[in-house]
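Working notes, beginning with the structure itself.
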There are 2 protein chains.
Amino acid sequence: MDKEFQQKLAQIMKANDWHLGIGDVSNATGVSQTKLRYWEHKGYIESIQGKGQNRKFTYSMLMKVYQMKLLLDQGYTLAVAAQKAESKSHELKILKQVLFDRFEGMAEIDGEPAVNLGYLDDKQDSILYAIVNKDGTKFKVVPVTK
Amino acid sequence: MDKEFQQKLAQIMKANDWHLGIGDVSNATGVSQTKLRYWEHKGYIESIQGKGQNRKFTYSMLMKVYQMKLLLDQGYTLAVAAQKAESKSHELKILKQVLFDRFEGMAEIDGEPAVNLGYLDDKQDSILYAIVNKDGTKFKVVPVTK
DNA sequence: CGTGTAAGGAATTCTGACACG
DNA sequence: CGTGTAAGGAATTCTGACACG
């Protein structure tokens, strides 16, 4: 994977530069459009308004909606579900940051596709790879040969 | 992050159970709707048809479209761009798999939010964490205390 | 080949009201 | 409070045709 593409990919992802319609969010999460509008009205979720047209939701908001749905299913009130989802939203943002901060490109290790995750630590004497095969994903620390 | 939510999150992501409209894909990638329809007609990309209504695109397809756009900008023909994008699509699938195979939940290390990435290797004597702070993301290997 | 536009119909989403509780 | 429905308008997307090259 070339650097340029990688950088632009990181850009598009970080900017959250893409949005879903209310129908898509509703279908993905199983939360009705009516609920989504009400939740937004109450300030629990947010949407983007492009020139007074239709709502658009970010990926983060999709995740928050889904979390709220799960919490409601567990018996929480809407207000509590929204509050709990907020903290989980934070966790998901971290997850995303980890991914895009550290993703350094694709590689091949032991004949398997692998993701180069960069230096393991500040010593910068070994690189961490995630190796993917049918059985799942394993890590491998590879010393740098100079 | 509780196990149940995690599993369901993994489910929703793995199933690719959410779709974007053509307008959202067009806005996110800068590729016109006309192009998207033509590319689909030629078989370079795919969309889901829900009961003869409007097209819906998956996240993977959004990425493929974006890659094709970058390749076209670089001067490749449409056919070649599509072919090159196909192999990159494969890489992105791996990236996604790494993320969801290994994500074991949130933790706190040295007072910073961190992602538990599970056992470093088969010895299962140490766990890999990704620690997040303002400066970015670093890894830390923590021995298991039994 | 690869993309654009105008055209009219079909599907989606919008708001404000009213309903139930 | 939290959600649903019917209602009519507004915005989006659809297809097939025609254009340029």
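We name chains A, B, ... by the order of the sequence lines, and we start the count at 1 in each one.
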Given Phe57(A) and Leu62(A), is the side chain to side chain contact (heavy atoms under 4.5 Å, CB included) satisfied, shown in steps? CA-CA 7 Å; Phe57(A) 294 90; Leu62(A) 167 69; 5.9 Å; no
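- In this structure, the CG atom of Leu36(B) is 16 Å from the C1' atom of dT15(D), given to the nearest Å.
- The side chain of Arg37(A) sits closest to dT13(C) out of dT13(C), dT3(C), dG2(D).
- Contact annotation: Tyr38(A) side-chain N/O to dT3(D) OP1/OP2 distance is not under 4.0 Å.
- Computed from coordinates, the Ile22(A) CD1 to dT12(D) P distance equals 14 Å when rounded to whole Å.
- The NZ atom of Lys69(B) sits 17 Å away from the P atom of dG2(C) (whole-angstrom rounding).
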Dot-bracket notation for DNA chain D is requested: 5' to 3', Watson-Crick or G-U wobble pairs only, both distances under 3.5 Å, with ( ), [ ], | and . as defined. .||||.||.|.|.||.||||.
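- As rounded to whole Å, 14 Å separates atom P of dT13(C) from atom CD of Glu40(A).
- If you measure from atom NE2 of His19(B) to atom C1' of dT13(D), you get 17 Å, rounded to the nearest angstrom.
- As judged by a 4.0 angstrom heavy-atom cut-off over every strand, Arg55(A) is placed among residues touching the sugar-phosphate backbone only.
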Side-chain donor-acceptor contacts of residues 30-40 of chain A below 3.5 Å, not counting sequence neighbours, with atom names and distances?
residue  : atom : partner  : partner atom : Å
Ser32(A) : OG   : Lys35(A) : N            : 3.1
Gln33(A) : OE1  : Arg37(A) : NH2          : 3.1
Glu40(A) : OE1  : Ser47(A) : OG           : 3.4
Glu40(A) : OE1  : Arg55(A) : NE           : 2.5
Glu40(A) : OE2  : Ser47(A) : OG           : 2.5

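- For the residue pair Lys64(B) and Ala82(B), the shortest heavy atom distance occurs at CE-O, 4.1 Å.
- For Asn54(B), taking side-chain heavy atoms from C-beta onward, the closest of the listed nucleotides dT12(C), dG2(D), dG2(C) is dT12(C).
- Nearest heavy-atom pair across Val144(A) and Gln124(A) is CG2-O, 4.2 Å.
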Close N or O pairs between protein and nucleotides 4-6 of chain D (under 3.5 Å):
residue : atom : partner  : partner atom : Å
dG4(D)  : OP2  : Ser32(A) : OG           : 2.6

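- Using cut-offs of 30° and 60° for the angle between ring planes, the Trp18(B) and Trp18(A) rings count as parallel.
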